[in-house]
Amino acid sequence: MLASNSPRRRELLAGLGIDFKVRVLPDIDESYPQGKIAMTDIPRYISEKKAEANRGSMGRDELIITADTVVIVDDNVLGKPADAEEAKRMLRAISGRTHQVVTGVCIFTESKRKSFSVTTDVTFKVLTDEEIDYYISEYRPFDKAGAYGIQEWIGYVGVTGLEGSYFNVMGLPVQRIYSELLTF
């Protein structure tokens, strides 16, 4: 079971050839204790909260995967932008810079749980205001951490370097999930 509303996560997990269903619970609290946990631990913390929210509705023999992704730049955590202005601020913050994309994952059953996070460094060229405006108006990246999808136009024209998992930047570190499932 994949407990995510993300079409990218569904696509990536399907790419592993695993049969799964999607379950989405409404209104899961994705807050975290600011200043009390390391920024790189935030996605894992939220994925564990999502796991707890799903625990009550899981079947006896179900395995559930939850995930959360954030972008970190200049000691700031960028989640999903609320609107076009916030998306512009986020894209300007990563323009011409290297930032981290961190995805936290929780894999669990009734009796077992494994949580981890994967970090990828992404470098962008300096983006022009016209490029940023075009991307936001054409792709409306309001459901993406850091206001961008690497698999979209902005990734094609803007990403100049990547260290780590490309699929992690899309929202699900499928290679690590595969490895964890083999030993789970």
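We number each residue from 1, following the sequence as shown.
Note that the CD atom of Glu86 and the CD1 atom of Ile136 stand 10.5 Å from one another [nearest 0.5 Å]. Leu172 contributes atom CG, which lies 6.5 Å from atom CZ of Arg9 (distance to the nearest 0.5 angstrom). Between the OH atom in Tyr45 and the CD atom in Glu30 there is a gap of 12.0 Å [rounded to 0.5 Å]. Atom CD1 of Ile65 is separated from atom CD1 of Ile18 by 6.0 Å, given to the nearest 0.5 angstrom. To the nearest 0.5 Å, atoms CG (Leu13) and CZ (Phe20) are separated by 4.5 Å. Distance check: Glu152 CD to Arg140 CZ gives 12.5 Å after rounding to the nearest 0.5 Å.
Other residues, nucleotides and ligands place more than 12 heavy atoms under 6.0 Å from the CZ atom of Phe108. Shown here is Tyr178, whose OH atom has no more than 12 heavy atoms of other residues, nucleotides or ligands within 6.0 Å. Within a 6.0 Å sphere centred on CG of Asp61, heavy atoms belonging to other residues, nucleotides or ligands number 12 at most. More than 12 heavy atoms of other shown residues, nucleotides or ligands fall within 6.0 angstrom of atom CZ in Arg55.
Lys50 and Ser4 share no side-chain donor-acceptor pair at under 3.5 Å. Side chains of Arg8 and Thr69: a donor-acceptor N/O pair is absent below 3.5 angstrom, by distance only. Side chain to side chain, Thr103 and Asn168 meet the donor-acceptor criterion of an N or O pair below 3.5 Å.
Arg97 and Asp74 are joined by a salt bridge, as a carboxylate oxygen and a charged side-chain nitrogen come within less than 4.0 angstrom of each other. In this structure, Asp133 pairs ionically with Lys88, as a charged nitrogen and a carboxylate oxygen lie closer than 4.0 Å. Between Lys21 and Glu62, none of the side-chain N atoms (NZ, or NE/NH1/NH2) sits under 4.0 Å from a carboxylate O, so this pair counts as no salt bridge. Between Glu52 and Lys49 there is no salt bridge, since no side-chain nitrogen of the basic residue lies less than 4.0 Å from a carboxylate oxygen of the acidic one.
Note on Ile37: it does not cluster hydrophobically with Val118, by side-chain heavy-atom contacts below 4.5 Å among ILVMFWY residues. When hydrophobic clusters are built by joining Ile, Leu, Val, Met, Phe, Trp and Tyr residues whose side-chain heavy atoms come closer than 4.5 Å, directly or via intermediates, Val174 is not grouped with Val102. Note: the hydrophobic cluster containing Val22 also contains Ile177 (ILVMFWY, side chain heavy atoms under 4.5 Å, direct or indirect links). Leu162 and Val126 are members of different hydrophobic clusters when ILVMFWY side chains are connected at heavy-atom separations under 4.5 Å. Transitive grouping of hydrophobic side chains (ILVMFWY, heavy atoms separated by less than 4.5 Å) keeps Val70 and Ile150 in distinct clusters.
Considering only heavy atoms from C-beta on, Gln175 comes within 4.5 Å of Ser179 through its side chain. Counting heavy atoms from C-beta on, the side chains of Phe124 and Ile154 come closer than 4.5 Å. Thr66 has its side chain out of reach of Ile28: every pair of non-hydrogen atoms, C-beta onward, lies at least 4.5 Å apart. Within the 4.5 Å cutoff, side-chain heavy atoms of Val169 are placed close to those of Tyr148. Asp143 is not listed as a side-chain neighbour of Asn5, based on a closest heavy-atom distance of 4.5 Å or more. For the pair Asp68/Tyr32, no side-chain contact is recorded, criterion being any heavy-atom separation below 4.5 Å from C-beta on. Leu12 is listed as a side-chain neighbour of Met170, based on a closest heavy-atom distance under 4.5 Å. Residues Ile72 and Ile42 fail the side-chain proximity criterion, which asks for heavy atoms closer than 4.5 Å.
The nearest pair of heavy atoms linking Arg23 to Ile64 is NH1-CD1, 3.3 Å. Here the closest non-hydrogen pair linking Lys144 and Tyr135 is CD-OH, 4.2 Å. Nearest heavy atoms, Pro173 versus Phe116: CG-CE1, 4.3 Å. Nearest approach of Asn76 to Met39, heavy atoms of both residues: N-SD, 4.0 Å. For the pair Glu110 and Met58, the tightest heavy-atom approach, listed with the atom from each and the gap, is N-CE, 3.7 Å. The two residues Val71 and His99 have their closest heavy-atom pair at CG1-CD2, 3.4 Å.
Residues satisfying the ring-ring contact (aromatic ring centres under 6.0 Å, His included) criterion with Tyr134, sequence neighbours excluded, are Trp153.
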Arg176/Val105 under side chain to side chain contact (heavy atoms under 4.5 Å, CB included): CA gap, chis, key distance, verdict:
CA-CA 10 Å; Arg176 176 74 184 269; Val105 176; over 6 Å; no
Passes side chain to side chain contact (heavy atoms under 4.5 Å, CB included), Arg44 versus Asp41? Steps please.
CA-CA 5 Å; Arg44 189 177 69 225; Asp41 290 336; 3.7 Å; yes
